[in-house]
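Have a look at the structure below, then the notes.
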Amino acid sequence: MKDSKQAENEELEPDMLKTISWLLDKSFYVPKYQRGYRWTEKQVRDLLDDIDEFSDKDRTNDEFYCLQPLVIKKNGNKWNLIDGQQRLTTIILILKYFNEMWIGKQKLVIPPLEYQTRNESKTFIEKLEIQNSKAVSSESPDSNIDFFHIAHAYETINKWVEEKNEEFDKSKFQSVFLHYTKIIWYELDTNEDEISSFIRINSGKIPLTNAELIKALFLQKKNFIHESDMTIHRYEMSEDWDRIEHKLQENSFWYFLTKEVPLSYSRIELIFDLIYEKETGKKRQKDDPLTTYLYFVEKANSPDWNITKQWTQIKNIFETLCEWYNDYERYHCIGYLIYSGKKIQDLYKLCYGNKKDESIMVLKKLMLASIPGGLQGIDKIDYDQQSAESLRKFYVLYNILYLLKNQGSYKFPFDQLKTEKWDIEHIDSKTENPLESLKDQIEWLDYTYSDLNDELEEFKQEIFEYKKLDKVNIELFSSLYNKIINKIVDNSIKNKNSVGNLTLLDSHTNRAYGNSLFPTKRRFIIERDKKGLFVPPCTKNVFLKYYQTGNVDLRKWTAQDETEYRNDIETTFSEFFKEVEQ
């Protein structure tokens with residue numbers, strides 16, 4: 001049923017319709033199987049707009065605005081919320097806003113809303129207030145996904161009010177909300193199993209994810225022989241569930257397992273998808289949002305269904321993934337393969353149950369197969385011949401092999417490969433002049449002279465005169481550009497597109513220094529590293545000249561540097577894959 005205007009003499013019984021003011025002295029309890037608050041700005045605004053529109057209309061005293069049901073079950077002096085938590089939370093936030101912004105000393109009583117597994121959310125809502133148009137509370141809204149959505153909804157209410165014109169009647173809106181807005185009060189019988197009811201109510205609603213429905217399915221009363229066991233196992237499973245979900249919410253762990261942006265806030269679905277694909281041999285159909293849930297419904301209805309065994313399987317899979325994440329070698333091998341396009345479901349089937357050495361050999365073979373042309377093709381890598389994606393994978397793999405070779409404590413951050421954009425950059429720029437705008441030309445001259453002023457002293461006056469121009473002079477700039485290049489750049493590097501003159505870099509830094517010369521690029525890299533920003537280890541080595549064995553010349557990237565860098569790439573790859581080749 002949609003929220004709508006409804007007269008009391010229509011299809012609902014009068015005692016099922018309760019005003020918002022009637023709810024104020026009730027206490028509510030959110031059981032562990034319920035998801036957190038997730039209403040969007042649009043949903044909050046739609047509710048406020050509908051009530052505002054209803055309050056502006058001429059109406060009889062028996063007309064009211066009707067909200068969708070609250071499905072509840074008596075629990076001592078509280079009411080367990082089976083369905084309608086999102087709606088009730090929003091009602092509470094609106095009531096809080098009345099108290100904070102509109103009402104004087106005689107505050108409305110706010111219905112207490114307690115959470116079985118998220119006690120901190122109750123305190124967060126109670127302490128919520130508006131400061132400088134922002135919602136603040138006892139904790140930062142960014143510290144918890146529930147806090148974020150609750151705070152955003154509260155800010156939306158404030159913003160909606162601030163956008164109203166002077167004719168907006170706050171008292172009238174408040175009165176309509178409290179006394180002419182009703183909710184359908186649907187009370188379950190005391191002998192009804194509330195989790196089964198939760199599934200029945202929500203299984204047809206797309207907003208509930210596979211994971212939420214599966215959780216409710218697992219916690220059904222029929223899964224437990226003895227009621228005493230049911231209480232203990234339900235609690236233990238909920239605790240385990242929250243622990244697994246919390247770990248998967250860490251981006252470093254999530255993007256080790258997959259390169260896909262999570263489709264919902266319930267990341268535990270990854271494990272259910274893994275089980276589904278492992279046991280059926282099928283891929284989950286993305287256009288069927290309930291594929292995994294329906295599979296577990298089928299399992300739950302089979303004669304050999306055992307909730308303890310099923311939950312043990314889930315925990316074992318999770319612990320295996322954690323073990324791989326915490327193992328330095330497997331972390332980097334699996335993380336790279338996921339980045340290069342493999343699925344954790346496939347790697348799990350290949351590696352689960354094998355000894356570590358056996359698993360590593362399987363992973364190495366897959367890693368080797370990802371290199372275009374194999375080890376023999378490394379020397380033939382060319383910027384203009386390979387795709388950007390192929391080059392990125394190659395240089396990511398080089399950085400990973402470098403880390404595995406040195407076995408330090410630093411782990412490659414796969415999450416940053418996903419959350420940032422990465423490019424392949426020439427270490428020593430191509431000497432062709434690509435700068436067409438006056439702004440880019442002057443910026444290039446400023447950077448270059450700043451980093452090489454001693455070497456470019458003879459061009460100082462020409463640089464100064466060019467910077468005074470108010471429009472581009474292609475001929476003049478090309479002449480100056482070529483003189484600087486011939487003075488600084490080592491032209492003995494035969495192929496600027498070769499494997500020894502390329503490196504991995506985030507696109508923001510890449511764009512920042514554009515076609516700058518080596519010392520300017522080096523300065524940018526060092527500045528980024530000093531700020532604590534991620535720089536791939538091999539990129540840092542390049543610009544700090546760690547590969548050079550002779551005299552170090554920090555003014556330029558030489559043919560000798562290019563040779564020694566290329567040799568390190570080839571050696572690193574050949575040493576790592578030597579056992580695979582045999």
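Pairs of residues two or more places apart, or lying in two chains, that qualify as ring-ring contact (aromatic ring centres under 6.0 Å, His included) and include a residue from residues 350-371 are Y348-Y352.
Legend: residues meeting side-chain contact (heavy atoms from CB on, under 4.5 Å) with E455, ordered by chain and number and at least two apart, are L452, I488, R555. Residues that satisfy the ring pair (Phe, Tyr, Trp, His ring centres under 6.0 Å) test with F147, not counting sequence neighbours, are F124. Checked against side-chain contact (heavy atoms from CB on, under 4.5 Å), A559 has the following partners two or more places apart in sequence or in another chain: D490, S492, I493. Listed by chain and number, the residues in a side-chain contact (heavy atoms from CB on, under 4.5 Å) with T571 are E575 (sequence neighbours excluded). Under the rule for a salt bridge (Lys or Arg N to Asp or Glu O under 4.0 Å), K364 has no partner lying at least two apart in sequence or in another chain. Qualifying ring pair (Phe, Tyr, Trp, His ring centres under 6.0 Å) partners for F296, counting only residues two or more places apart in sequence or in other chains: F218, F272. For F573, the ring pair (Phe, Tyr, Trp, His ring centres under 6.0 Å) partners at least two apart in sequence or on another chain are F394. Residues passing the salt bridge (Lys or Arg N to Asp or Glu O under 4.0 Å) test with K315 are D240, sequence neighbours excluded. Taking Y295 as the reference, Y276 meet the ring pair (Phe, Tyr, Trp, His ring centres under 6.0 Å) condition, with sequence neighbours excluded. E358 is linked by a side-chain contact (heavy atoms from CB on, under 4.5 Å) to N354, K355, counting only residues two or more places apart in sequence or in another chain. Listed by chain and number, the residues in a salt bridge (Lys or Arg N to Asp or Glu O under 4.0 Å) with K278 amount to none (sequence neighbours excluded).
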message = Working note: I275 + Q310, criterion side-chain contact (heavy atoms from CB on, under 4.5 Å); need CA distance, chi angles, decisive distance, verdict.
response = CA-CA 10 Å; I275 294 172; Q310 181 62 78; 4.1 Å; yes
ask   = Does the side-chain contact (heavy atoms from CB on, under 4.5 Å) test come out yes or no for I427 and F543, once each step is laid out?
value = CA-CA 8 Å; I427 301 168; F543 287 100; 4.2 Å; yes
key: L544 and I526: CA distance, side-chain angles, deciding distance, side-chain contact (heavy atoms from CB on, under 4.5 Å) verdict   = CA-CA 8 Å; L544 295 181; I526 292 173; 4.0 Å; yes
message = Show, in sequence, the C-alpha distance, side-chain angles and deciding distance for L502 and H426, and conclude whether the side-chain contact (heavy atoms from CB on, under 4.5 Å) test is met.
response = CA-CA 5 Å; L502 303 174; H426 291 83; 3.8 Å; yes
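Here F464 and Y466 keep their ring centres 6.0 angstrom or further from each other. The ring of W422 has its center closer than 6.0 angstrom to the ring center of F534. Between Y336 and H332, the distance from one ring center to the other does not fall under 6.0 angstrom.
The cationic atom of K418 (NZ for Lys, CZ for Arg) does not lie both less than 6.0 Å from the six-membered ring centre of Y255 and within 45° of the ring axis. A cation-pi arrangement, defined by a distance under 6.0 Å to the six-membered ring centre and an angle within 45 degrees of its axis, is present between K411 and Y331.
K259 places a side-chain N or O within 3.5 Å of a backbone atom of Y339 that can act as its donor or acceptor partner. Looking only at distances, no side-chain donor or acceptor of W324 sits under 3.5 Å from a matching main-chain atom of E319. T419 places a side-chain N or O within donor-acceptor distance of the main-chain N or O of D415, the cut-off being under 3.5 Å. A distance-only check finds a donor-acceptor pair linking the side chain of R267 to the backbone of L248 [under 3.5 Å].
The aromatic rings of H152 and F148 sit parallel to each other, their planes meeting at less than 30°, with 60° as the upper class boundary.
For the 3.5 Å distance criterion, the side chains of N495 and N501 fail to qualify, holding no donor opposite an acceptor. Side chains of S370 and S340: no donor on one and acceptor on the other come within 3.5 Å.
Distance OG/S479 to CD/E462: 6.5 Å, rounded to 0.5 Å. Interatomic distance, OG1 of T572 versus CG of L403, reported as 10.5 Å (0.5 Å rounding).
Atom NZ of K545 is surrounded by more than 12 heavy atoms from other residues, nucleotides or ligands within 6.0 Å.
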